Amino acid sequence: MPEQIKKKRVLVVEDEKNIAMLLAYNLMQAGYGYDIAYDGEEGLKKALTGGFDLILLDLMLPKMDGFEVCRRIREKLATPIIIATARVEEVDKVMGLDIGADDYVTKPFPMNELMARIKANIRRSSNEVVSAPTLSADSIITIRGLVIDQSKYQVTRDGEPLELTKKEYELLTFMAKNPGTIYSREQLLEAVWGYEGFYGDTSSVDVTVSRLRAKLERDAGRPEYLFTKRGMGYYIK
Ligand code: CA
């Protein structure tokens with residue numbers, strides 16, 4: 001008997017019923033299984049059952065807000081989390097708090113963009129599991145005191161560990177594999193965020209680069225590792 005491919009399951013945490021229904025309909029059409037939680041506490045409880053491949057999380061929720069839900073899921077699980085924010089200003093807060101979200105979308109979201117992001121985040125998280133054990137000796141990249149150990153997902157500078165988020169780590173590692181190569185924001189978006197054919201939000205790249213730079217460089221104003229090529233993109237040297 002051929003092995004049944006397990007349907008990917010998405011948890012939607014959203015208190016606005018019409019939005020939740022619209023999301024559920026689109027997920028179903030795209031071949032996903034889904035469940036809906038209408039407040040933060042219910043969302044956390046369902047998420048912690050571990051039965052989901054991705055969690056789509058609204059920020060403004062009754063009982064427990066999305067920030068808290070995200071933080072508490074992340075204490076226990078590595079399931080990809082996409083945050084849905086109603087206001088652009090909240091994006092900075094999401095990025096700044098390091099609550100462990102993998103991605104964000106701003107409302108109202110074009111449904112095809114959202115579905116592309118869901119797909120990309122699920123694929124990336126399942127790829128990580130598959131590819132991790134195949135890393136070998138060349139999994140360590142060294143650039144003048146900066147050591148990226150891909151087998152441990154760890155970065156140190158002069159022996160001191162740097163606390164990077166997942167996106168910062170992925171961005172750094174991607175560029176560090178080809179020092180000197182200039183990557184455009186679109187290339188980085190596609191490589192690290194994985195939105196194939198979607199070129200909407202390269203500001204994510206800029207935000208992550210500046211946060212990465214703040215942690216990576218001794219003096220962010222005079223970078224030693226992560227450089228900007230004006231009008232073209234970024235590179236590691
Ligand atoms: Ca809401």
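Just so it is clear, the model here is predicted, and its values are computed rather than measured. Indexing begins at 1, ligand by ligand and atom by atom, following the structure's order. Counting begins at 1 with the first residue of the sequence.
Looking only at atom types and distance, the side chain of D102 has no donor-acceptor partner in the side chain of N121 under 3.5 Å away. Side-chain contact annotation: N178 with Y183, donor-acceptor N/O pair under 3.5 Å present.
Using the six-membered ring where Trp is involved, F227 and Y235 have ring planes that are parallel, under 30° apart on the 30 and 60° scheme.
By the side-chain hydrogen bond (donor to acceptor under 3.5 Å, both in side chains) test, Y234 is found to be paired with D206, residues two or more places apart in sequence or in another chain being considered.
Cluster membership for M111 and M21, using ILVMFWY side-chain heavy atoms within less than 4.5 angstrom, is shared.
Listed by chain and number, the protein N, O or S atoms at a distance under 3.0 Å from the Ca ion (ligand 1) are D15 OD1, D58 OD2, M60 O.
Cation-pi geometry between K237 and Y225 is not satisfied (NZ or CZ under 6.0 Å from the ring centre, within 45° of the ring normal).
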